[in-house]
Amino acid sequence: MKKFILYFGGFLLLSIFGLIVYTEFLTPRSRRFTGSLEKVLPPDGFDGWKREAIPLGDSNAAKANVQGILNYSQAVQYLYTKNKSQFLIYVAYWEPSTVSVADVGTHNPDSCWVNNGCTRTDRDYAVAGTVGTRALQPYEYGQYITPQGPRQNVLFWHLVNGQPNRYADQEQGWRAGLKGRLERFPLLIKDFKEFGLNQKNEQMFIRISTFQPIKNLLADPANEKIFNALEEIGIFQNQAWK
């Protein structure tokens, strides 16, 4: 009986090890986006917009944006200004086999911003939206007050293999300790059901923040061209990354 338990235990360990090796190194992971974020995002002067590069770690708010985000393949942050419209866009991209869905998913405003002193005052999930006649991918919406006082409206997408990851079950954001681990356990089960053992998929995190209402930003015809120019990062439905 002891030998059986010993052999079974050894077989189980080898099976787990083999599964890890297969998942990490042998499972093919597709890549859709092959461009440069710096070149894909509209340049300075596009349709009258002024583009200003904002260093990722240049302020407290910027540090909150990237806290704990490691191993991204590309990341950019630009402030776009035109007449009375202004918004900040942050985009990070992870090639396949870089990080897990769960790791990227913990770096949304509910987690990084709130854990760095912001107060969330409003939140909505998988919001349907359009720019002109084009349907957006369902986006996440939140309203946050920064430690410095201004209230910001935020929409963001966490795209996994080009499709939005859902956040309705992550209402509290990321919290440390045992309580946080217990809160995230159902999310891990969801990820395994949706993505299987291959968790290190191609991912894009896109966040747009502005002081004006999000619906006004999207509905203003003067902003239509610049949003259409963002199609290569995957914000519209029925459109693959290029």
Side-chain angles (χ1 to χ4, degrees), residues 33 35-67 69 72 74-93 107-110 112-114 116-124 127 129-159 204-236 239 241-242:
F33 180 78
S36 163
L37 292 179
E38 184 178 354
K39 294 179 180 179
V40 165
L41 268 67
D44 185 48
F46 173 85
D47 194 38
W49 287 87
K50 178 182 177 181
R51 186 179 91 169
E52 179 185 357
I54 305 296
L56 297 177
D58 200 39
S59 65
N60 289 335
K63 290 176 183 176
N65 296 343
V66 296
Q67 182 197 33
I69 294 186
Y72 52 70
Q74 302 181 52
V76 295
Q77 185 169 235
Y78 294 119
L79 179 66
Y80 285 93
T81 306
K82 179 181 178 181
N83 300 327
K84 294 183 179 180
S85 287
Q86 184 182 82
F87 64 87
L88 181 71
I89 179 168
Y90 164 80
V91 185
Y93 171 72
H107 298 294
N108 60 72
D110 290 342
C112 291
W113 283 27
V114 172
N116 279 269
C118 294
T119 302
R120 188 179 75 180
T121 55
D122 196 10
R123 187 69 164 84
D124 201 0
V127 182
T130 59
V131 172
T133 59
R134 304 185 67 182
L136 292 166
Q137 298 263 35
Y139 64 83
E140 303 296 307
Y141 165 76
Q143 187 180 79
Y144 306 85
I145 300 177
T146 67
Q148 293 78 21
R151 188 187 306 271
Q152 293 197 52
N153 296 299
V154 179
L155 72 156
F156 69 89
W157 294 269
H158 173 195
L159 303 179
M204 186 91 75
F205 192 92
I206 305 154
R207 192 201 67 241
I208 298 174
S209 52
T210 180
F211 297 116
Q212 67 183 106
I214 293 296
K215 290 185 178 180
N216 292 0
L217 184 74
L218 298 177
D220 189 342
N223 302 337
E224 189 171 336
K225 284 186 179 180
I226 194 166
F227 278 101
N228 283 335
L230 298 176
E231 66 177 348
E232 288 191 43
I233 59 176
I235 68 171
F236 291 102
Q239 166 254 316
W241 287 340
K242 298 180 182 179

Which pair of non-hydrogen atoms, one from I226 and one from P42, has the smallest distance, and what is that distance?
CG1-CG, 3.8 Å
For the residue pair V91 and M204, establish whether any side-chain heavy-atom pair is separated by less than 4.5 Å.
yes
I'd like to know whether Y90 forms a side chain to side chain contact (heavy atoms under 4.5 Å, CB included) with I54, so could you lay out the CA-CA distance, the side-chain angles of the two residues, the decisive distance to 0.1 Å, and finally the verdict.
CA-CA 9 Å; Y90 164 80; I54 305 296; over 6 Å; no
Of all residues at least two apart in sequence or in a different chain, which pass the side chain to side chain donor-acceptor pair (under 3.5 Å) check with Q86?
T81
Electrostatic pair R123:D110 at N-O distance under 4.0 angstrom
yes
P150: partners by side-chain contact (heavy atoms from CB on, under 4.5 Å), with sequence neighbours left out
T146, Q148, F211
Could you check if a side-chain atom of L88 sits within less than 4.5 angstrom of a side-chain atom of T210, using non-hydrogen atoms only?
no
Contacts of Y78 meeting ring pair (Phe, Tyr, Trp, His ring centres under 6.0 Å) (sequence neighbours excluded), chain-then-number -> none
Given side chains that start at C-beta, do those of E231 and R134 come closer than 4.5 Å, heavy atoms only?
yes
4.5 Å side-chain heavy-atom contact, R120 and V114:
yes
If only atom types and distance count, is the side chain of D124 paired as donor or acceptor with the main-chain N or O of Y141 below 3.5 Å?
no
Heavy-atom nearest pair, D220 first then S85, reads OD2-OG, 4.2 Å
List for me each residue that meets side chain to side chain donor-acceptor pair (under 3.5 Å) alongside D47, sequence neighbours excluded, and say none if there are none.
K82
I would like to know whether I235 and I206 meet side chain to side chain contact (heavy atoms under 4.5 Å, CB included); could you show each step before the answer?
CA-CA 8 Å; I235 68 171; I206 305 154; 3.9 Å; yes
Does H158 reach the side chain of R207, with side-chain heavy atoms less than 4.5 Å apart?
no
Side chains of I89 and L230: closer than 4.5 Å at any heavy-atom pair?
yes
Do C118 and P109 touch side chain to side chain, with heavy atoms closer than 4.5 Å?
no
Would you check if S209 and N153 make a side-chain contact, meaning some heavy-atom pair closer than 4.5 Å?
no
Tell me whether N223 contacts the main-chain N or O of L218 through its side chain, where contact means a donor paired with an acceptor under 3.5 Å.
no
Checking the side chain of Q74 only, and the main-chain atoms of G35 only, is there a donor and an acceptor separated by less than 3.5 Å?
yes
Verify the neighbour count for atom CD of E38: are there more than 12 heavy atoms of other residues, nucleotides or ligands below 6.0 Å?
no
Give the C-alpha distance, both sets of side-chain angles, the deciding distance and a yes or no for ring pair (Phe, Tyr, Trp, His ring centres under 6.0 Å) between Y139 and F156.
CA-CA 6 Å; Y139 64 83; F156 69 89; 9.3 Å; no
If I compare all heavy atoms of T130 with all of L136, which pair ends up nearest, and what's the gap?
N-CD1, 4.1 Å
Which residues satisfy the ring pair (Phe, Tyr, Trp, His ring centres under 6.0 Å) test with F87, sequence neighbours excluded?
W49, Y80, F227
Tell me, please, which residues at least two apart from Y144 pass ring pair (Phe, Tyr, Trp, His ring centres under 6.0 Å).
W113
State the CG-CD1 distance between L41 and I233, to the nearest 0.5 angstrom.
5.0 Å
Might you work through the ring pair (Phe, Tyr, Trp, His ring centres under 6.0 Å) test for Y93 and F33, ending with a clear yes or no?
CA-CA 9 Å; Y93 171 72; F33 180 78; 5.0 Å; yes
Do you know which two heavy atoms are closest between R151 and I145, and how far apart they sit?
NH1-CD1, 3.6 Å
Look up atom CD in Q143 and atom OG1 in T121, then write down how far apart they are to the nearest 0.5 Å.
3.5 Å
